[in-house]
Each structure stands twice: as structure tokens, then as C-alpha cells.
Amino acid sequence: MSKAIPSRSEDYSLWYNELVKKAGLAENSAVRGSMVIKPYGFAIWEKMQQTLDKMFKESGHENAYFPLFIPKSFFSKEADHVEGFAKECAVVTHYRLKNDEEKGGVTVDPDAKLEEELIVRPTSETVIWDSYKNWIQSYRDLPLLINQWANVVRWEMRTRLFLRTAEFLWQEGHTAHATKEEAEAETKQMLEVYADFAEKFMAVPVTKGVKTENERFAGALETYCIEAMMQDGKALQAGTSHFLGQNFAKAFDVKYATKEGKDEYVWGTSWGVSTRLMGALIMAHSDDDGLVLPPKLAPIQVVIVPIYRKDEELEKISEVANKFKSELQAKGISVKFDDRDTQKPGWKFAEYELKGVPVRIAIGPKDLEKGTVEIARRDTKEKQFVEQDKTVDFIEQLLDEIQENIYKKAADFKEENTRTADSYEEFKELLESKGGFIYAHWDGTSETEEKIKAETKATIRCIPLNSNEEEGTCIYSGKPSKGRVLFAKAY
RNA sequence: CGGGGUGUAGCACAGUCCGGUUAGUGUACCUGGUUUGGGACCAGGGGGCCGCAGGUUCGAAUCCUGCCACCCCGACCA
């Protein structure tokens, strides 16, 4: 099968779509807007999950599970929340089918109408806070630090594999605290966890910041986020962490008794990342030959391809290959020895490049003679011969080097495509000609933000956390501004 | 939901304008043989509700109507 994918320069969107499908990550399903995550794609997601789950547990969180269905009435308890999600909810109205006498097949049984409709969760704040009401009585019950791995449904108009699907997988953390300060600290802590994960594991550099009022989570007082840059210069929101204040505590009447015996509302946070991270991972590093995976998240880190003519040769090569396989595995490196005789070496090379396997070892008759192996790295496509007794150490080091290199490449790209604009003309010119991230002054009003969005399609991705205070004037309104914010076109 | 485009073998496409033998090509698949350091070659073979449903016609992949799905551009989107 010809697996060539379109080039990025030709058509970036098409390149992404084809890559996702050809690399065996995911495909569209029979259900509109919902994808099938295929084994290789799911293996990458599982690695992300395992890593994140460990990070959550190390920071004191526990996993739990709450229902998929949420009673409709729960949504209306928090006004901003319902407004934010109402437009994209899937609703369950009946609980039974029956045979269709007229048209054949089955039809919804009108006698099986639910008293109260159920909403398929688009996020779980409401159902979780309803439980928290019963779980929290006293300051001794706090903080409550819960995470849930789940699927959620948001009825999106236009979907794209991983980046925006009607149903997606994610984790959502929901915590309750005695004080505002504690909840704020939690919100920021989880933002740091996300940023660490993105940079150290996904090798994707991110900008940390706070969302403007327009972009804030429905029901939150403050939304923190990490924003990544894709290879086409567009921004991708990779994770969010929300400070909910006492909004949900008040909506669901979650109070605790203080040491002094007074009743107080608890303070909440919620935070999440989704299978959208897969999109970020793919778009940040991959090239026209296929995926480029960071070693820390690659399901297969090293693949060994034998090159042989006769069965005796394969036998000898297998001995060497299996020795490397077990030695590498002993060091915690995942290895696949592809000794299938149904595909030729060249075919396998192309296949594992498409799948983004970081390191490839080829062993052939020449290597047996010389006591070497050929080692190829996916990120730079460099190949070299390495002596067999140095191979294991070499690879261990090489995996670290690849992890670092692809991070650096992405970080350099992000820096090269981050610019400042001091006038609206310059802003529009930069956005049009170069894209990328643009730091510019903004007067702090939603009105200005929306006008800029309408005229240029760029939005304020965030107000960066590390930005220096700098007096200036808004590029749009000319009004005073205390610092630059990050603008970009976004996914 | 609005504008545009596309649905033909697992995948990529031709054929559709102008209806007419048995619907083709590449690739993938199966069999046999030769091969194997970058997607092998030769020979033979199998695979099609032509997106779905209706209609026009002696006859529909082709014409008409409706629907569905996907892609692009908008709108929408934490």
C-alpha cells in the first residue's frame, strides 16, 4: 500500500489528516464527529495517561468515577455554566426502543419518555459538586483532591480528528479547599503539572497564562492555560486549570464547618487535558515522512530490522537482535524486533518512519562480519554504524538526545515565530505574512478583543504569567495598557 | 447551519458532460517462483449494493428528486 502523505507546505490540514490515518492513530467512525482511536494511537494516549496519572497521584490526587449522565436540572444551578454548555449538549429523552410496525427496524418507544431528561456530560462539575455536598462536612474533610478519567460529549459543529471531536477522552480534576488561597495555589500547581508534562514528556514548549474574560471557562473566576505553537504557526490550547471560587459550592450548597464552628462555602478548582494533546503531539514534531514521537511517549522506542537472504543468516541475526532486545528491555526501553519475512527491509524502514519510532537498528550480514549495527534516528534521519558492544549504552544516550533535540527544535521554532507588534497595522501585517504568536498591548476590554477577532481572526490566547510589566497603549483603541498579551490564530 | 467540493474494490483515482457489451487503472490482497543494506520482480488469481432511497427510461455509475457522510471556507467552540 502506498502510504505517502501530502507535504506540510502543500496543504497543512490535509497533511495532518492523512498522517493521523496513515500512521494508524485514528479514523472517522460511522458516528458523525466521533472517531475511532486505533491501537497505535491509543498506545500513545495510554502512555500520556500513565505519565499524567502518576503526576496527579504524586501531587496528592486520587481517582474516582462519576456518572456519564447528568440530570438536566443540575445544569441550571450555575448560571454561567449552563450558558456556556447549553448549545452543545447531547440529551437522553427515552429509555426504550420497540419494533417499528410500519417501517420495520426499531423506533423510540414514546411510552418510555424520561421524567427528567439526562444530559450526556460535557464536563462533570455539576454531578461532582452534587456529590461533594455529601462528602464535605468539616474542615477535616478538606482538601478534597479528586481526578476522573472519562469520556465527555460536546456536540461540535465541525470536528477534526483529535483536535475537536464530539466525544473525546480526558481527565478532569475537581478539588475543594477551605480557603481561597489554597484553591488558587492548587489551580496554579496543576497548571505547572501540565506545563511540565507538555515540555518534558511531549517535548512541546508552552506559554503559561491566564485567559481573558471572553475565553474563560463557564463558571470559573479565572482560567489558566498552556498554549502551544504548531508548525503552521497557529496556537493550540493544550490544557486548562480553573479557579472556580465559591461558584459551584454555592450552586450545590457545599459548606464545611471551620475550626471555630462556623459554616463556610468551600473553594473549588477544576482542570483538564484531553485527547486533543494527541493533536498537539502530532502537529508539533512530525514531518513529511510521518510522525516524529518523543522517546518518552513512543509506544515502541527502538525497532530492530533484520536484513538477510537465507534462513541461516536470519538465525544468526536473531541471536544478536534478541540479545539487544533483552538488554534494552532490562533498561526499561521498549523494543520491537520485526522479523516478519512478509515485508522487505525497505518497506519496514518507511513504515517505522511513518509511525515515528525514534530509533531503528538494522542488522545484516555485513554487521555480523564487522561486529556492528546500523543505527538510524527518526528526528534527524542520521544513520551510523556502532560497534555491537557499545550499542546498548549508545541507544540509551541517543533516546535522551532525541527527546532533547525535538524539544529544542520546537522551542526554537516557537521563539522564531513569536514577535511583538506596536501598532495595529504592524499587527495585521505580521499576522498575515508570518502568523505565529504576537505580543501586543491591549486595553483590557472584551469589546476590543472581539473587534480584533472579527477583523483578523486572531484571539488573545492568554495574558502570559511571566510577562514583564510594561506601560504602553492598546494597538486597537490607543488606550493605556499595563502589559502585552499573547495574540494568535488558534485551533 | 450558510457557500463550495467529493462519494466508484482495503487505499488512491479514471469513467459521469453526451445513458447502451462483462465498470477500468495503480496500489494493496491471494498462489507459485526469483528476491531482500531504503517502499522488489515475473506469472497467474480473487475482490464492486458505483454513498443511500426513490424516480425517468427498453436500458442508469452516467439524467432527475430527496437524504446521508466526508473535505475546504464561514458561523460555532473552555
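Predicted, not measured: the structure shown is a model, and the values here were computed from it. Here is how names work: the chains are called A, B, and so on, in the same order as the sequence lines, proteins then strands, and each is numbered from 1.
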- prompt: Counting only Watson-Crick or G-U wobble pairs whose two distances fall under 3.5 Å, which nucleotide matches B:G2?
  reply: B:C73
field: A:R160 side-chain proximity, nearest of B:C77, B:A40, B:C72
entry: B:C72
- prompt: For the ring pair A:F487 and A:F437, is the centre-to-centre distance below 6.0 Å?
  reply: no
- line: When rounded to whole Å, the CZ to P distance for the pair A:F85 and B:C77 reads 12 Å
message: Between P on B:U36 and CD on A:E313, what's the gap in Å once rounded to a whole number?
response: 9 Å
query: Looking only at atom C1', what distance separates B:A28 and B:G39, rounded to whole Å?
result: 13 Å
- request: Send over the distance from A:K234 NZ to B:C73 P, rounded to a whole Å.
  value: 7 Å
statement: If pairing means Watson-Crick or G-U wobble with both distances under 3.5 Å, then the partner of B:U65 is B:A53
- prompt: Where the side chain of A:P345 is defined as all heavy atoms beyond and including C-beta, which of B:C71, B:A69, B:G37 is the nearest nucleotide?
  reply: B:G37
message: What's the gap between B:A23 and B:A75 when it is taken at their P atoms, as a whole Å value?
response: 47 Å
task: Please name all residues satisfying side chain to side chain donor-acceptor pair (under 3.5 Å) with A:T448, sequence neighbours left out, ordered by chain then number.
output: A:D443, A:T445
- request: Give the intermediate values and the outcome of side chain to side chain donor-acceptor pair (under 3.5 Å) for residues A:R461 and A:T459.
  value: CA-CA 6 Å; A:R461 299 321 303 152; A:T459 50; 2.7 Å; yes
query: Looking just at side-chain N and O atoms, do A:T372 and A:E387 make a donor-acceptor pair shorter than 3.5 Å?
result: no
Closest-nucleotide ordering on RNA chain B, the 5'-leading residue of A:D11 and A:E18: A:E18
message: On the side chain of A:Q343, is there an atom forming a donor-acceptor pair with the base of B:G39 - under 3.5 Å, no angle test?
response: no
message: Judged by each residue's nearest nucleotide on RNA chain B, which is more toward the 5′ side, A:A490 or A:A362?
response: A:A362
- prompt: Looking across every strand, which nucleic acid part, if any, lies under 4.0 Å from A:Q237 by heavy atom: base, sugar-phosphate, or nothing?
  reply: sugar-phosphate
Base partner of B:C13, which must satisfy Watson-Crick or wobble distances under 3.5 Å: B:G24
- request: Report yes or no: is there a donor-acceptor pair, N or O only, under 3.5 Å between the side chain of A:K457 and the base of B:G74?
  value: no
query: Is A:R158 touching bases, backbone alone, or none of the nucleic acid, heavy atoms closer than 4.0 Å?
result: base
query: Below 3.5 Å, does any donor atom in the side chain of A:R309 face an acceptor in the base of B:G37, or the other way round?
result: no
query: Closest to the A:R360 side chain: B:G37, B:G38, B:A75?
result: B:G38
message: What is the distance, to the nearest angstrom, from the CG atom on A:L14 to the P atom on B:A12?
response: 11 Å
query: Under 4.0 Å between a side-chain N/O of A:K87 and OP1 or OP2 of B:C77, yes or no?
result: yes
query: When rounded to the nearest Å, what value does the distance between P atoms of B:C70 and B:C11 take?
result: 15 Å
message: Applying a 4.0 Å non-hydrogen cut-off, can you work out what A:P122 is touching in the nucleic acid: base, sugar-phosphate, or nothing?
response: base
message: Could you tell me if the side chain of A:I375 sits less than 4.5 Å from the side chain of A:R360, heavy atoms only?
response: no
- request: Would you kindly give the CD1-to-C1' distance between A:I317 and B:G37, to the nearest whole Å?
  value: 10 Å
message: How many whole angstroms separate atom CG of A:D311 from atom C1' of B:U35?
response: 13 Å
query: Can a side chain N or O of A:N17 be found less than 4.0 Å away from OP1 or OP2 on B:C72?
result: yes
- prompt: Roughly how far apart, to the nearest Å, are B:U36 and B:G26 at atom C1'?
  reply: 24 Å
task: Can you figure out which of B:G38, B:C70, B:G37 approaches the side chain of A:P365 most closely?
output: B:G37
field: Nearest-Å distance for atom pair CZ/P, residues A:R32 and B:C76
entry: 18 Å
field: Closest listed nucleotide, where the reference is the side chain of A:R164 and the choices are B:C71, B:G38, B:C77
entry: B:C77
task: Indicate, with a heavy-atom threshold strictly under 4.0 Å, whether A:W170 touches base, sugar-phosphate, or nothing.
output: base
- prompt: Who is the Watson-Crick or G-U wobble partner of B:A40, with both distances under 3.5 Å?
  reply: B:U34
- prompt: When the P atoms of B:G2 and B:C58 are considered, how many whole Å apart are they?
  reply: 37 Å
A:Y194 and A:W271, any side-chain heavy atoms less than 4.5 Å apart: yes
Nearest-neighbour nucleotide for the A:I307 side chain, B:C72, B:G39, B:U36 considered: B:U36
- line: Out of B:G37, B:A69, B:C76, minimum distance to the side chain of A:M157 belongs to B:C76
field: Separation of B:C77 P from A:K211 NZ (nearest whole Å)
entry: 13 Å
message: If I pick the C1' atom on B:U57 and the same atom on B:G20, what distance separates them, to the nearest angstrom?
response: 12 Å
- line: Winner on side-chain proximity to A:F349, out of B:C71, B:C73, B:G38, is B:G38
- prompt: Now, which nucleotide makes the Watson-Crick or G-U wobble pair with B:C18, with each of the two distances under 3.5 Å?
  reply: none
query: Do A:N17 and A:Y12 meet the criterion of a side-chain donor-acceptor pair at a distance under 3.5 Å?
result: no
- prompt: Is A:W15 close to A:Q231 at the side-chain level, that is, under 4.5 Å between some pair of heavy atoms?
  reply: yes
query: With sequence neighbours left out, which residue pairs that include part of residues 80-93 of chain A fulfil the salt bridge (charged side-chain N to carboxylate O under 4.0 Å, His left out) condition?
result: none
- prompt: So what does A:T123 hit on the nucleic acid, given a heavy-atom distance under 4.0 Å: a base, only sugar-phosphate, or nothing?
  reply: base
message: Heavy atoms only, 4.0 Å cut-off, all strands: where does A:G33 land among base, sugar-phosphate and nothing?
response: sugar-phosphate
C1' spacing across the pair B:U25 / B:C50, given as an integer number of angstrom: 16 Å
Euclidean distance for C1', B:C67 against B:U21 (whole angstrom): 33 Å
